[in-house]
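Have a look at the structure below, then the notes.
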Amino acid sequence: MKVTAQAQPNIALVKYWGKRDLARNLPAVSSLSITLDSLWTRMSVSFGGAGTDSLEVNGAVAPTMLDRVSGCLDLVVGSERECAQVVSESNFPIGAGLASSASAFAALVVAADEAAGSGRDTLMLARLAGAASGSAARSLYGGIVELTAGIDEIDLRNLAEHDEWPLEVVVAVTEKGQKPVGSGEAMVRGAGTSPFYSSWIERQDEDMKCARTAVAERDFASLAHIAEHNCLKMHSVMWTSRPPIVYWNKATLGCMEVVRSLRAAGHSVFFTIDAGPQVKAVCLPESADAVEAALSATHGVVQTMRSGLGTGARIIAT
Ligand code: PMV
């Protein structure tokens with residue numbers, strides 16, 4: 001049976017950076033994210049026969065990602081399984097700091113679980129997705145999502161459904177190429193070499209608390225404040241890793257400046273940046289047109305994309 005699942009990327013407002021357990025890919029910190037709706041990855045999975053797994057990404061054979069996909073399928077279905085044919089399609093640039101691995105692995109576990117007839121619940125699927133890509137666990141859920149990092153496993157819950165606080169996101173793409181250092185390798189380097197890593201870990205629960213309260217009170221200004229602070233702290237760990245990891249380019253800085261000026265002009269907007277040079281501006285719906293116009297006119301921005309909040313990963317065809 002061929003099963004297709006869709007998941008959307010999620011953007012962390014309180015970031016996951018650092019691993020407690022490398023082998024099980026357990027995060028060292030809790031995180032809080034929003035799941036998007038208009039950017040998506042669709043994964044089709046079917047099992048059949050012996051031989052080797054195959055993977056096609058956006059119409060081309062993708063041998064470099066095959067090991068990670070096969071490893072994830074082993075976790076979902078068991079390593080004694082039949083071989084899998086996996087076809088992935090995304091409507092946004094992949095491997096460029098736009099959380100494509102989150103949507104890909106979230107969709108993959110949902111499709112594989114259904115194709116194998118395992119019937120796991122959302123939390124179990126999220127834990128499996130998280131073992132493949134830490135941030136992918138959050139894309140199993142929609143709206144505003146909290147991931148709690150436990151000693152032996154992660155827990156997840158919805159803080160608000162996608163229509164309970166209609167935030168908008170404008171993504172400013174400043175470069176479409178693949179990122180120079182993958183997030184997994186960068187996290188390990190940061191933990192081993194950045195003098196700021198231990199305080200990053202120590203302060204995270206405090207940031208989570210602020211963000212959780214801001215969400216509960218629908219207090220955009222407080223959410224903006226903590227999200228920018230947490231993002232800049234994560235990038236400070238990256239910058240002070242040895243050798244340093246700097247994902248930003250000139251346009252990244254230009255976009256941050258534009259977001260600050262929009263805010264000074266009265267718009268409800270803040271920025272966040274992940275392991276790449278793209279800037280994600282989160283805003284209230286009434287500011288979205290102005291934010292998109294200003295970011296698309298910013299020097300070095302090659303594309304903007306806009307999204308509201310969406311639902312979690314789901315089956316779309318069997
Ligand atoms: O899930 P990974 O291993 O691609 O790590 C994602 C890390 C960040 O995107 C930078 C932060 C986050 O919480 O999503």
Side-chain angles (χ1 to χ4, degrees), residues 7-36 39 41 65 67-69 71-72 90 92-109 126-141 144-149 154 156 159 169 171 178-191 194 197 200-201 203-205 207-208 211 226-239 241 245-248 252 271-280 282 313:
Q8 293 88 247
N10 68 79
I11 308 290
L13 306 186
V14 178
K15 307 289 189 188
Y16 150 51
W17 197 253
K19 296 178 196 284
R20 180 192 305 275
D21 181 332
L22 267 181
R24 288 186 296 160
N25 203 37
L26 281 174
V29 287
S30 300
S31 54
L32 185 146
S33 62
I34 50 180
T35 301
L36 304 184
L39 279 57
T41 299
M65 282 177 63
D67 279 355
R68 266 181 95 189
V69 165
C72 179
S90 295
F92 62 99
I94 59 172
L98 287 172
S100 55
S101 65
S103 49
F105 285 105
L108 182 67
V109 295
R127 287 176 176 156
L128 290 170
S133 168
S135 56
R138 300 183 309 235
S139 278
L140 266 292
Y141 296 78
I144 305 181
V145 180
E146 175 175 9
L147 182 154
T148 307
I154 53 169
L156 291 105
L159 295 181
V169 180
V171 180
Q178 300 269 322
K179 54 189 161 202
V181 189
S183 52
E185 184 188 335
M187 286 182 204
V188 171
R189 195 188 296 175
S194 169
Y197 184 76
W200 158 255
I201 301 288
R203 307 293 288 270
Q204 186 79 345
D205 284 347
D207 291 6
M208 285 294 292
I226 196 63
E228 288 193 356
H229 171 69
N230 186 268
C231 164
L232 293 173
K233 261 196 311 198
M234 177 184 75
H235 284 273
S236 304
V237 173
M238 296 169 177
W239 284 35
S241 297
I245 299 157
V246 180
Y247 288 113
W248 302 358
T252 312
F271 64 76
T272 189
I273 305 158
D274 293 296
Q278 332 303 0
V279 176
K280 290 106 182 189
V282 181

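Hydrogens, waters and symmetry mates are skipped; everything else that's a heavy atom, side chains included, is used. For ligands, and for the atoms within them, numbers begin at 1 and follow the listed sequence. Nothing here was measured: the structure is a model prediction, and the numbers come from that model.
Within the listing of ligand 1, atoms 1 (O) sit less than 4.0 angstrom from a heavy atom of Gly134. Applying the 4.0 Å criterion to heavy atoms of Ala12 picks out, from ligand 1, the atoms 12 (C), 13 (O), 14 (O). Close contacts between ligand 1 and Ala275 involve ligand atoms 10 (C) [criterion: under 4.0 Å to a heavy atom]. Set against the non-hydrogen atoms of Trp17, the atoms of ligand 1 under 4.0 Å away are 10 (C).
Scanning the protein heavy atoms around atom 1 (O) of ligand 1, the nearest turns out to be Ser135 OG, 2.6 Å. Taking atom 9 (O) of ligand 1 as the reference point, the nearest protein heavy-atom neighbour is Asp274 OD1, 3.5 Å. From the protein, the heavy atom lying nearest to atom 13 (O) of ligand 1 is Tyr16 N, 2.8 Å. Protein heavy atom at the shortest distance from atom 14 (O) of ligand 1 is Arg138 NH2, 2.7 Å. Closest protein heavy atom to atom 2 (P) of ligand 1: Ser183 OG, 3.5 Å.
Panel note: side chain Asn25, backbone Gly130; a donor-acceptor pair is recorded below 3.5 Å. Under a 3.5 Å cut-off, the side chain of Ser135 and the backbone N or O of Ala102 do not form any donor-acceptor pair. Between the side chain of Gln204 and the backbone N or O of Ser30 there is at least one donor-acceptor pair closer than 3.5 Å.
Taking all atoms of both residues into account, the shortest heavy-atom contact from Gly276 to Trp248 is O-CD1, 4.5 Å.
A salt bridge does not link Lys15 to Asp207: none of the charged nitrogens lies less than 4.0 Å from a carboxylate oxygen.
Between Pro27 and Trp17, the closest side-chain pair of non-hydrogen atoms is not below 4.5 Å.
Arg138 and Ser33 form a side-chain donor-acceptor contact under 3.5 Å, judged by distance and modelled atom types alone. Asn10 and Ser139 share a donor-acceptor pair across their side chains, judged by distance under 3.5 Å alone.
Of the heavy atoms in Ser133, both backbone and side-chain atoms come closer than 4.0 Å to ligand 1.
Heavy atoms of Ser101 approach ligand 1 to within less than 4.0 angstrom.
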